[in-house]
2 protein chains.
Amino acid sequence: MSVNRRFPVLASLAAVLALAGGGVAAAQGTPVAPPADATSPWSRMTSAELIAAAPDDAWLDLDPARLMVLRFIPAGQTEPVQVVSLLAPQFAPDHVATLSALLDGRFFDGLAIVRSQENYVAQWGDGAAATASGLRGAAIPAEFDAVIPAGFDPVPLPDGDVYAPRVGFWQGWPVAWDPAAGRMWLPHCNGMVGAGRGNDAGSGGPASLYAVNGHSPRALDRNVTLLGRVVQGMEHLTTLPRGTEALGFYGPAQARPQIVSARLASQLPPEEQPRLQALDTGHPIYVELLESRRNRRDGWTLFRANRLEICNAPLPVRVAP
Amino acid sequence: MSVNRRFPVLASLAAVLALAGGGVAAAQGTPVAPPADATSPWSRMTSAELIAAAPDDAWLDLDPARLMVLRFIPAGQTEPVQVVSLLAPQFAPDHVATLSALLDGRFFDGLAIVRSQENYVAQWGDGAAATASGLRGAAIPAEFDAVIPAGFDPVPLPDGDVYAPRVGFWQGWPVAWDPAAGRMWLPHCNGMVGAGRGNDAGSGGPASLYAVNGHSPRALDRNVTLLGRVVQGMEHLTTLPRGTEALGFYGPAQARPQIVSARLASQLPPEEQPRLQALDTGHPIYVELLESRRNRRDGWTLFRANRLEICNAPLPVRVAP
């Protein structure tokens, strides 16, 4: 696969960003990145080809201090599996700092995966254990959404959204926002990681975490603090046996998957640290990738949707070459 | 749980149906069933309470001649698991008839689950085997969508959809439609079952089937023939080990889950037939259920979305009492 590292910024990018201020309905059907430059090799590439062709400057190293490495032993197995999640301090700074302290204190080691509900979430950790140990982590102020910061420059999706006034991608994250309210939040897409809570807004915290394992339950948006997303090994959470109790909690007769360790990658020996990169959602090839998903360029697709829903958009991650 | 079997048809139902002709954007935010009658016990019930309170006439028996019972042995296990799917002749009559003939001929027995791709689909069967055996089933005319029939009276969702002009529920199915084109189709929600195909529209058939196991890949809508949905045992497909090859196909070193049998329920001995019922999507309590999902009435939900995306709507199924 040839890589053109000198390909210029798409002329259409400014037009794309201008859409951010437009109405969702008005923008419907407007391509993210119309292939104005049909001579661009990108404009004819499939999603897989674009990802393979992405130049080095389109890939961003994921900071080991922002990666949570969860290792657990599935019931009936002997070897641990590993799930790596990227944390989102842009959206939930207190939760991420609190989780980082828990990881530093090896809080999760020896705890279990406690819940696996079909087409909803897997959940692990133990808020009560944190409270009993006097640790901050089970009842901290909610971070359901955040003030839109200065310099917020998402790549918007022009196809609307059932749940949010605006959706797009910013700093590697799917993002929903309300321009009128000046608030932004993470949407509950498949693979997103959040902090469990009780009935009160301040009754949750990162001592109890969950990951979305099915169709994105967007009604949870702005009801729970999302603090990250799984970037490697999600299948180990999705394929866990389902719990037999209400809400998919494991029953007394079920062996619960045991957590061997949960650490920030930066706390692991260098040779054990995942070396991952994510495609820069602010890079022009990401805009082209979105367009290739709105209108698929493969030989298989017969009906081109000319639409893309935010949780169907790819957020490519690779092992650093 | 008290059940009020005499509760009258919601006064708002006619208003709801009238929305079907309105614009998606104009209808955004309009409740499906405004609780105009606050004295109704339903108007204060959670989704779980509504399902428990649904009167007998709200539950429809699922015809055993329309249920596919798939039994397979997961790799490393000895006992078969069972996945039951409801077939959709309203949308794909030729595919359902063709599949029924294959089931009658025990075509799938001894074949395997061949693919398990994270956050996409599980797939089983073998189109080439059907062709080699001279069976109809691997290359039949596509039924990607259908003419909207006379008497089409869906319960519409008023919150719009990224992919379709209109969405709602009809005869127990999630449905998308285009009033201008006069076409309707099944959306690729989690659990929907479709027929694999090659690059040509007529290159697929029910000898090779897949089920959506993650976030609903709606870009597949109108590109593949959907012919049913899993109504029991979906977790057995979701939790299959992921395939190591491209697109999640199982590799040569992986044990493929073996299909013990696939039958219409009506072909099974009576004592083995699943006796299932689905909540009637045309019943007033279903409209109330949708509203309870748009604005959750539990003590946990703090931010009420006032929105519902079609693949997040419940389609309750129960074992017949």
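Letters A, B, ... are given to chains in the order of the sequence lines, protein chains preceding strands, and every chain is numbered from 1.
The contact between A:Asn223 and chain B is made by backbone and side chain atoms together, counting heavy-atom distances below 4.5 Å. Contacts of A:Asp221 with chain B are made by backbone atoms alone, with heavy-atom separations under 4.5 Å and no side-chain atom involved. Only the side chain of A:Arg296 comes within less than 4.5 Å of a heavy atom of chain B; its backbone N, CA, C and O stay farther away.
The side-chain heavy atoms of A:Met192 and A:Pro174, taken from C-beta on, include a pair separated by under 4.5 Å.
Side chain of B:His215 to main chain of A:Ser216: a donor-acceptor pair is present (N/O by atom type, distance under 3.5 Å, no hydrogens or angles). In terms of modelled atom types and a separation under 3.5 Å, the side chain of B:Asn213 and the main chain of B:Tyr120 share a donor-acceptor contact. In this structure, B:Arg256 contributes its side chain and B:Val114 its backbone to no donor-acceptor pair below 3.5 Å.
The stretch residues 308-317 of chain B places B:Leu308, B:Glu309, B:Cys311, B:Asn312 near chain A, each with some heavy atom under 4.5 Å from a heavy atom of that chain. Listed in order of number, the residues of residues 232-239 of chain B that approach chain A to under 4.5 Å between heavy atoms are B:Met234, B:Glu235, B:Thr238, B:Thr239.
Remark: B:Asp298 CG to B:Glu49 CD distance equals 9.5 Å, nearest 0.5 Å. Taken to the nearest 0.5 Å, the CZ atom of A:Phe169 stands 11.5 Å off from the CG atom of A:Leu279. Atom OG of B:Ser292 and atom CD1 of B:Ile51 lie 7.5 Å apart (nearest 0.5 Å).
Ranked by heavy-atom pairs shorter than 4.5 Å toward chain A, the options B:Gly214, B:Ala305, B:Pro241 are led by B:Gly214. Put simply, of B:Arg293, B:Arg222, B:Arg197, the one with the most heavy-atom pairs under 4.5 Å next to chain A is B:Arg197. Top candidate by heavy-atom pairs under 4.5 Å with chain B, chosen from A:Ser116, A:Ser203, A:Gly299, is A:Gly299.
Note on ring orientation: taking the six-membered ring where Trp is involved, the planes of A:His188 and A:Tyr210 are parallel (angle under 30°, cut-offs 30° and 60°).
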